[in-house]
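I have a structure here, written as structure tokens, and I will follow up with some questions on it.
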Amino acid sequence: MVTREDAQALDANDPLRQYKSQFLIADPSMCYLDGNSLGRLPKATQNVLTDFMVNGWGAKVVDGWADWIDMAETVGDVIGRAALGAAPGQVLAQDTTSVNFYRACRAAISARPGRKTIITDAANFPTDRYILEGIADELGLNLVMIQNEITSESLGTTDERVTVEQLEQYLNDDVALVTLSVVAYRSGALHDLKALTAAARAHGALFVWDASHAVGAVDLQFDRDGVDIAVGCTYKYGNSGPGAPAWVYFSKSIQPELDTPIHGWFAQRNQFEMGQGFSQIDGMRGFQIASPSIIGLLSIQTAFEIIEEAGIANINAKASRGTDMMIEMYDEWLAPLGYTLLTPRDSSLRGGHITLHHPDAGQIARGLRLHKNVIPDFREPNGIRVSISPLPTSYEEVFEGFERIRDYTASGDYKSIDLSGSKVT
Ligand SMILES: Cc1ncc(COP(=O)(O)O)c(C=O)c1O
């Protein structure tokens, strides 16, 4: 049985315990279990951005570009070093995950001319599926969806994790591109990047990974694991702020095979000659489109330097222990109240969140926010997602949140919650 004392003992022995105080926590009684959706604000970011306003943009005005012009690359290197296991020169911090995903998939497909098939899974994040549908229409390709999605009908039969054996059934020499999320946004299941990438490559296909739900929680090792192409965001476990730029990773070995599908002026050889005709510069700069958000990049740099200092292996260990604790509390308290765990029980097969199904999940999730100061999120069908973001979250905060979820569910008070009128779940 998990007790508050157990959670306090975990905090006392937590090598990351000093990091919570480095984040702005406006309401200490809030149990913030949604760092997998939007991370908390590092106090250092406030100072860095204020300094930029005064001494950067404010003081230097346009001359500042001399300092800022390469920042998509330099900040990309910080992300790579801190959280992706990527040596310099392979990551750009820019645009949104969706734009980077489009760019990465188009570049991969063009590098496999004549092949007509794209493979993804039905559990993939909506923006990825929609973009792939668009690309398939645009280029006349076949989009194959592995049917692994948790729905009301498939509940209990899938954890949305695609295995090598499953993928093998779909691979052949017509496949140009395979793409999956590293961690499934709904179930939280973690894919085997190394084995799946190798399986696709054995058939001549390229793999694009969406690591949005993994970066900053999972010990990603792209260079070691032979990943060719990946994209992800910075605002979840990356704590870089709402709408902060995303990133794209192209391994050194794949870069020469790829053309940028969007010919922006930042990708142009000798950019400031401003000459006629596009010629893509070598290296990651050749995949940059345009002027980056310097405010966004400074937020990323600050937050990922904290991740680097804390150590991604330590962070991942806390995500594993924290989600183990959640599953213990689910077994004891929540399963008897009608919840079902949708996430793998083996911590090596999940990221930093778990998802709990309950027939009244929508009302419970809304009621927890409105009346119990617990912030989870809700995902169809009837899933409540709860995460531990290892730097700003304590074990005791997770424990307290689960106690409130248990007591609120047992009370039945959520039954009167009105679900109309919320734009975001
Ligand atoms: C797995 C995944 N991919 C893509 C996105 C979309 O990100 P963006 O809005 O930055 O394009 C999200 C957003 O939460 C996500 O979770």
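When a ligand or atom number is given, it counts from 1 through the structure's own listing order.
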Look at the aromatic rings of F125 and H213 and report parallel, tilted or perpendicular, splitting at 30° and 60°. tilted
Given F101 and W209, is the ring-ring contact (aromatic ring centres under 6.0 Å, His included) satisfied, shown in steps? CA-CA 9 Å; F101 183 73; W209 287 102; over 10 Å; no
Note: ligand 1 atoms sitting under 4.0 Å from heavy atoms of D128 are 3 (N), 4 (C)
Would the distance check show the side chain of Q268 and the main-chain N or O of S279 forming a donor-acceptor pair, the cut-off being under 3.5 Å? yes
Polar contact flag for H213 and ligand 1 (N/O pairs, less than 3.5 Å): yes
If you take the centroid of each ring, where Trp contributes its six-membered ring, are F272 and W65 closer together than 6.0 Å? no
Judged on heavy-atom distance to atom 3 (N) of ligand 1, which of T234, D210, T97 sits nearest? D210
Ligand 1 contact on Y185 by region, counting heavy-atom pairs under 4.0 Å: neither
re atom 5 (C) of ligand 1, the protein heavy-atom contact at minimum distance is F125 CE2, 3.4 Å
Pick from R379, K236, R369: which one makes a salt bridge (charged side-chain N to carboxylate O under 4.0 Å, His left out) with D34? R369
Closer than 4.0 angstrom, basic N to acidic O: yes or no for K20 and D11? no
Of all the atoms in ligand 1, which lie at a distance below 4.0 Å from a heavy atom belonging to T96? 10 (O), 11 (O)
Counting heavy atoms only, which part of S212 comes closer than 4.0 Å to ligand 1: side chain, backbone, both or neither? side chain
Of the backbone atoms (N, CA, C, O) and the side-chain heavy atoms from C-beta on, which set of Y235 has a member under 4.0 Å from an atom of ligand 1: side chain, backbone, both, or neither? side chain
Any nitrogen or oxygen of K236 lying under 3.5 Å from a nitrogen or oxygen in ligand 1? Just yes or no. yes
Students should be able to answer this: which protein heavy-atom is nearest to atom 11 (O) of ligand 1, and at what distance? S98 OG, 2.6 Å
Distance-only polar pair, side chains of T409 and Y339, donor-acceptor under 3.5 Å: yes
